Amino acid sequence: MKKRSFILATVAVASVLFTACCACRKASPKIANLEADSWRLIEFRGEAVPTDKAITLTFDAEKKTIYGQAPCNNFFAGYSLFEKTEHNIEISNVGATRMYCPDTEIEDGFTRELNDVKRLKIEGGRLLMLNADGDLVALLTAVPKVAME
């Protein structure tokens, strides 16, 4: 009888530990390398971004902020990550410097549409930014942070 009680207690403890372990994994986003790398915009609204119009984007995990550089202006925003696959990011409080430069259509459009991004997906070394309808807003490629310094 003691052996049976011991086995039941062991199974109960193992079940609790297994459930707790799964809960820990659910609390952390599954977007690998999002905050480890920086990103360079290569496609926006379905059109290739010329290299002279390069926009970079970095996620700061500690401060939960996004910051980046465009050919003319710098920009910034706050973000929160979620476990839902259909809505795994909320970007808020997007702001940018406003220096006068000719031809800022891509950077203005990109910073304006950051608020609409609701889903991130990483495929290989590429970051896909999608809106609530699942449409591709922007495609970025990974750039190791060391290479950007």
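Nothing here was measured: the structure is a model prediction, and the numbers come from that model.
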- Pair F75 + Y67: ring centers closer than 6.0 Å: no
Among all residues two or more places apart in sequence or in another chain, which pass the salt bridge (charged side-chain N to carboxylate O under 4.0 Å, His left out) test with [X]?
X: D116; answer: none
X: E90; answer: K118
X: R112; answer: none

- Task: Decide whether Y79 and F76 are clustered together by the hydrophobic rule: side chain heavy atoms of Ile, Leu, Val, Met, Phe, Trp, Tyr closer than 4.5 Å, transitively.
- Result: no
- Could I get the full list of side chain to side chain donor-acceptor pair (under 3.5 Å) partners for T104, not counting sequence neighbours? D108
- For T97, all residues meeting side chain to side chain donor-acceptor pair (under 3.5 Å), sequence neighbours excluded: N73
[X]: partners by side chain to side chain contact (heavy atoms under 4.5 Å, CB included), with sequence neighbours left out:
X: N131; result: D133, D135, V137
X: K63; result: D60, T65
X: A54; result: R40

- Whichever hydrophobic residues join Y100 through chains of side-chain contacts under 4.5 Å: none
- Members besides L128 in its Ile/Leu/Val/Met/Phe/Trp/Tyr cluster (side-chain heavy atoms under 4.5 Å): I42, L130, L136, L139
- Item | Sequence neighbours excluded, every pair satisfying salt bridge (charged side-chain N to carboxylate O under 4.0 Å, His left out) that has a member inside residues 43-52 | R45-E113
- Out of curiosity, L81 CG to L34 CG, how far, rounded to the nearest 0.5 Å? 6.0 Å
- L57 and F110: which non-hydrogen atoms are nearest, and at how many Å? CD2-CZ, 4.3 Å
- Keeping to residues at least two apart or across chains, list the disulfide bond (SG atoms under 2.5 Å apart) pairs with something in residues 47-94. C72-C101
